[in-house]
Amino acid sequence: QQQVKQSPQSLIVQKGGISIINCAYENTAFDYFPWYQQFPGKGPALLIAIRPDVSEKKEGRFTISFNKSAKQFSLHIMDSQPGDSATYFCAANRGSARQLTFGSGTQLTVLP
Amino acid sequence: DAGVIQSPRHEVTEMGQEVTLRCKPISGHDYLFWYRQTMMRGLELLIYFNNNVPIDDSGMPEDRFSAKMPNASFSTLKIQPSEPRDSAVYFCASSPTGLNTEAFFGQGTRLTVV
């Protein structure tokens, strides 16, 4: 059972544009929602994370928006840059659990 | 710290051969995870350890896969015998104790079984 659904599968954005990636989860016990960024040939690395007690978290050009009632969360990349081109994974887990459940990934390409 | 170190970076083997992937977690991290990444199935957790003890191996696909953690600084994932469908990138990750702590991934081992 896929517990975290991610869309779109791929995304092409012009430099300076806004990139938006969406995720939806099923398990209401999830209470931690990180986003990981992966460059080719590298392992995923934590980009930003949110807990459901807040509706938004911003770190530089990256913002997570969280809608607890809809069980959805999204990543917004403002002023997208070619260096942001990577695969982005949303994930979720319960605080007491250790295993992250990952979304299927979004391949982002930012055109110069 | 050098981060999570995996070896080898690339492995090409023939079907039926034994394959051993190695991982050195970040010093002081109590949790170690093995993930597999494929185009079809994305990132899947295979098994994870806490203080060198396997906690959840429900993601291990079948008995051909085994993992060990003989000490806090070393873990192996073994596939015997290997099959072409095992071809994937295998990641090791570690994290410290604490709720919702970050998982630090290694660079992965790209396994190709021909």
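Numbers restart at 1 for each chain; the letters A, B, ... are given by sequence-line order, proteins then strands.
By the rule that hydrophobic residues join a cluster once side-chain heavy atoms approach within less than 4.5 Å of another member, B:L21 and B:I26 end up as members of separate clusters. Residues B:V4 and B:L46 do not share a hydrophobic cluster, clusters being chains of Ile/Leu/Val/Met/Phe/Trp/Tyr side chains in contact below 4.5 Å. When hydrophobic clusters are built by joining Ile, Leu, Val, Met, Phe, Trp and Tyr residues whose side-chain heavy atoms come closer than 4.5 Å, directly or via intermediates, B:I5 is not grouped with B:W34. Note on A:I21: it clusters hydrophobically with A:L47, by side-chain heavy-atom contacts below 4.5 Å among ILVMFWY residues. One hydrophobic cluster holds both A:I48 and A:L11 under the rule that ILVMFWY side chains link at heavy-atom gaps under 4.5 Å.
Of all residues spanning residues 102-114 of chain B, those with a heavy atom less than 4.5 Å away from chain A's heavy atoms are B:E102, B:A103, B:F105, B:G106, B:Q107, arranged by number. Using non-hydrogen atoms only and a strict 4.5 Å limit, the part of residues 62-96 of chain B facing chain A consists of B:F91, B:S95, B:P96.
Neither the backbone nor the side chain of B:N50 comes within less than 4.5 Å of any heavy atom in chain A.
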Show the numbers, then the answer: is there a side chain to side chain contact (heavy atoms under 4.5 Å, CB included) between A:L100 and B:Y35? CA-CA 10 Å; A:L100 288 168; B:Y35 285 88; 3.8 Å; yes
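Taking a 6.0 Å sphere around CD of A:E59, one finds it holds more than 12 heavy atoms contributed by other residues, nucleotides or ligands. No more than 12 heavy-atom neighbours from other residues, nucleotides or ligands sit within 6.0 angstrom of CZ on B:R41.
Under the 4.5 Å side-chain criterion, counting only non-hydrogen atoms from C-beta, A:Y36 is not in contact with B:L43. B:Q37 places a side-chain heavy atom less than 4.5 Å from the side chain of A:F89.
A:S104 OG to B:M40 CE: the interatomic distance, rounded to the nearest 0.5 Å, is 11.5 Å. Of the inter-residue distances, the one linking A:Q99 atom CD with B:Y48 atom OH reads 4.5 Å to the nearest 0.5 angstrom.
Per-residue counts of heavy-atom pairs under 4.5 Å with chain B were compared for A:G43, A:P44, A:G41, A:A49; the largest is that of A:P44.
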